[in-house]
Amino acid sequence: MKDQHINRRDFLNIVGITAATTTAALYGCAPKDPKGSGSKAASPVPTDQMTYRTFPELGDKVSLLGYGCMRWPTIPSPDGKGDLIDQDAVNELVDYAIAHGVNYFDTSPVYVQGWSEKATGIALSRHPRESYYLATKLSNFSNYTRENSMAMYRRSFSELQTDYLDYYLLHSIGGGQGMKTFNDRYIDNGMLDFLLKEREAGRIRHLGWSFHGTSDVFDEVLAMHDTVHWDFVQIQLNYVDWRHATGRNVNAEYLYQELEKRNIPAIIMEPLLGGRLSNVPQHIVTRLKQRRPEDSVASWAFRFAGSPELVLTALSGMTYMEHLQDNIRTYSPLIPLTDEDKDFLEETAQLMIKYPTIPCNDCKYCMPCPYAIDIPAVLLHYNKCVNEGNVPKSRMDENYREARRAFLVGYDRSVPKLRQADHCVGCDQCNEHCPQAIDIPKELRRIDQFVEQLKQETL
C-alpha cells in the first residue's frame with residue numbers, strides 16, 4: 001500500500017468500488033429518504049412530457065435531464081474482493097430513462113474506477129444508436145503522452161460499442177498548473193489538432209470541454225473559440241455556486257454569462273453540488289417545503305440549473321430509481337424559475353454557506369489513495385452529520401450524547417476502520433486532483449482529531 005503509483009484496477013482488487021454507498025449519503029442518506037423525495041414520490045412519472053433543448057448549431061434535440069454515469073450502482077464481487085458494477089441495475093436505469101424521455105448519457109474513462117464506459121456501452125447498445133446522445137471525455141490526467149491519449153480515445157469507442165461520439169470533452173481543464181497543464185494535455189502532444197480532424201471526419205460530432213479552475217484559464221481557453229469553434233462547454237452550476245463558488249471554482253454566473261456572449265450552449269454538472277443541495281439542514285428543508293410543499297428538495301436545484309435558456313442539459317448521477325423518477329418529474333415539463341424564485345434561492349444559498357460542510361462532490365478524482373483511505377466516504381459522513389446536527393461543539397451541548405453516538409456509530413458503519421481518516425500520512429497525492437481545491441490531508445486530520453475527542457470525551 002506504500003506504492004503511490006498503484007493503478008485503479010489494482011486498487012479495486014484491494015478495496016472495491018464505493019460509488020453506490022457514498023451516493024446514498026449524498027442524496028439524502030438512503031434512497032427513499034422523504035427529505036429528498038418529497039410528497040410527489042407516489043405520483044405517476046410522465047413518459048411524454050420531458051423538456052428538450054435544441055440549438056441550430058448542434059442540430060440535436062436533447063433532454064434537459066442528462067444521465068451522468070459517474071455513480072452507477074454496485075454489488076459485492078463474487079470473490080469477496082470489493083464490488084462490481086451491477087449491470088442488471090444499470091440496464092434497468094438506462095431502459096427506464098430512455099422510456100421516459102432521457103436521451104443524453106455522459107461518461108468518462110475514469111468514472112467508477114474505470115468501469116463506467118463499459119457498463120454504459122453494454123446498457124446503451126441494447127437500444128437503437130440514433131435514440132440517444134453519447135458523451136465521453138479525454139481524461140488524460142496523469143499521463144499526457146500522445147500515445148496514452150490516443151489509446152484512451154480509441155478505447156472509448158470500443159468500450160461504448162460505437163463508431164462515433166456525439167459529444168466529446170477535454171476533461172476538467174483548469175486544474176494542475178493552469179494553462180501549462182492544459183497545453184501539456186492537449187496542445188503540445190497534438191491531441192487538440194487530432195480531435196479537430198476527428199470532428200471533421202464525423203467520428204466526433206461536437207467538441208467541447210469541462211471546467212474546474214480559475215477564471216484566467218477559462219477566459220484563455222474560451223478565447224480559442226474564434227479558431228477552434230467550441231460546440232459546447234460544461235460548467236459547474238447550481239444556486240450556491242452561482243454567486244458563492246469556493247476553492248478554485250469560479251462563480252457560475254460569470255461562466256454562464258461569458259458563454260452567453262458567444263452563444264455557446266452550456267452543459268451543467270453538479271446541479272446538486274455533489275448531493276449537498278438535496279441533503280440540506282432541516283431548517284432549509286422546512287424553508288423549501290413551505291414554498292412548494294409537493295416538490296422535493298432536489299427539484300429546486302434542478303429547476304435552477306435548467307432555467308437558463310442556453311442550458312442544453314443538466315447532468316445528474318442517479319444511482320437509485322427514486323432519484324431518476326424524481327428528476328424526470330422535475331423536467332416533465334420544467335417549470336422555469338420566476339425572478340422571485342431566484343431571489344428566494346439566493347437567500348437560501350446565503351443560509352447554506354453558513355454551514356461548515358466540506359465542499360466534496362464525491363467525484364473520486366482523489367482516489368485511489370495509496371494508503372486505502374476512502375476519502376470521499378469520510379468527508380461525506382462528516383457533511384451528513386453537520387447537516388443533521390450531529391457534530392457537537394462540546395460536552396455541554398444539549399444533544400451531546402445523541403450526537404456523539406450518531407457520529408461514531410455512523411462513521412464505523414459508512415467507512416471501514418482500515419479506511420478511516422487516522423490512516424492518512426499526509427502524502428498530498430490527493431490534493432492535486434481535487435477540482436474543489438480541498439486541502440484533503442488537512443481535513444482528514446481535523447476529522448480524525450474530532451473523532452478521537454469524541455471517543456475520549458475530551459471535547
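- Take Tyr254 and apply the ring pair (Phe, Tyr, Trp, His ring centres under 6.0 Å) test, not counting sequence neighbours, and it matches no residue.
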Next item on the list: Please test Arg329 against Ser43 for side chain to side chain donor-acceptor pair (under 3.5 Å), starting from the C-alpha separation and ending with a verdict.
Entry: CA-CA 9 Å; Arg329 290 188 188 98; Ser43 65; 3.0 Å; yes
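- The local environment of CD in Glu398 is sparse, with at most 12 non-hydrogen atoms from other residues, nucleotides or ligands closer than 6.0 Å.
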Next item on the list: Go through the steps for Trp242 and Phe304 under the test ring pair (Phe, Tyr, Trp, His ring centres under 6.0 Å), then give the verdict.
Entry: CA-CA 10 Å; Trp242 186 249; Phe304 184 91; 5.7 Å; yes
Next item on the list: Kindly indicate, with the supporting measurements, whether the criterion side chain to side chain donor-acceptor pair (under 3.5 Å) is fulfilled by Asn91 and Asp88.
Entry: CA-CA 5 Å; Asn91 292 351; Asp88 289 339; 4.5 Å; no
Notebook entry, point to check: Does the side chain to side chain donor-acceptor pair (under 3.5 Å) test come out yes or no for Thr107 and Glu117, once each step is laid out?
Noted result: CA-CA 6 Å; Thr107 184; Glu117 281 190 330; 5.3 Å; no
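- A ring pair (Phe, Tyr, Trp, His ring centres under 6.0 Å) with Trp209 is found for exactly one of Phe218, Tyr186, Tyr168, namely Phe218.
- Residues forming a salt bridge (charged side-chain N to carboxylate O under 4.0 Å, His left out) with Arg287 (at least two apart in sequence, or on another chain): Glu347.
- Residue pairs meeting the salt bridge (charged side-chain N to carboxylate O under 4.0 Å, His left out) criterion with at least one partner in residues 331-344, sequence neighbours excluded, are Arg291-Glu340, Arg291-Asp341, Arg303-Asp341.
- With Thr51 as reference, Leu64 is the one residue of Leu64, Leu65, Thr313 to meet the side-chain contact (heavy atoms from CB on, under 4.5 Å) rule.
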Next item on the list: Go through the steps to decide whether His212 and Tyr365 satisfy the test ring pair (Phe, Tyr, Trp, His ring centres under 6.0 Å), and finish with yes or no.
Entry: CA-CA 12 Å; His212 287 288; Tyr365 293 173; 7.2 Å; no
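- With rounding to the nearest 0.5 angstrom, the CG atom of Leu315 is 5.0 Å from the CD atom of Gln234.
- Listed by first and then second residue, the ring-ring contact (aromatic ring centres under 6.0 Å, His included) pairs that reach into residues 421-459 are Phe407-Phe450, sequence neighbours excluded.
- Taken to the nearest 0.5 Å, the OG atom of Ser296 stands 9.5 Å off from the CG atom of Leu288.
- Atom CD of Gln350 sits in a crowded spot, with more than 12 heavy atoms from other residues, nucleotides or ligands closer than 6.0 Å.
- For the pair Arg405 and Tyr400, the cation-pi criterion (under 6.0 Å, within 45° of the ring axis) is not fulfilled.
- Considering all non-hydrogen atoms of both residues, Leu324 and Leu93 come closest at CD2-O, 3.6 Å.
- In this structure, Tyr52 has no ring pair (Phe, Tyr, Trp, His ring centres under 6.0 Å) partners at least two apart in sequence or on a different chain.
- For the atom pair NE2 of His381 and OH of Tyr411, the computed distance is 7.5 Å after rounding to the nearest 0.5 Å.
- Under a 4.0 Å N-O distance rule, the pair Lys289/Asp295 does not qualify as a salt bridge.
- Electrostatic pairing of Asp448 and Arg446 does not count as a salt bridge here, judged by no charged N lying under 4.0 Å from a carboxylate O.
- Going from atom CG of Leu351 over to atom CD of Glu346 covers 10.0 Å, rounded to the nearest 0.5 Å.
- Evaluation of the ring pair (Phe, Tyr, Trp, His ring centres under 6.0 Å) rule for Phe344 yields Trp300 as partners, not counting sequence neighbours.
- Electrostatic pairing of Asp95 and Arg126 counts as a salt bridge here, judged by a charged N lying under 4.0 Å from a carboxylate O.
- Under a cut-off of 6.0 angstrom, the local environment of CD in Gln161 is crowded, with over 12 non-hydrogen atoms contributed by other residues, nucleotides or ligands.
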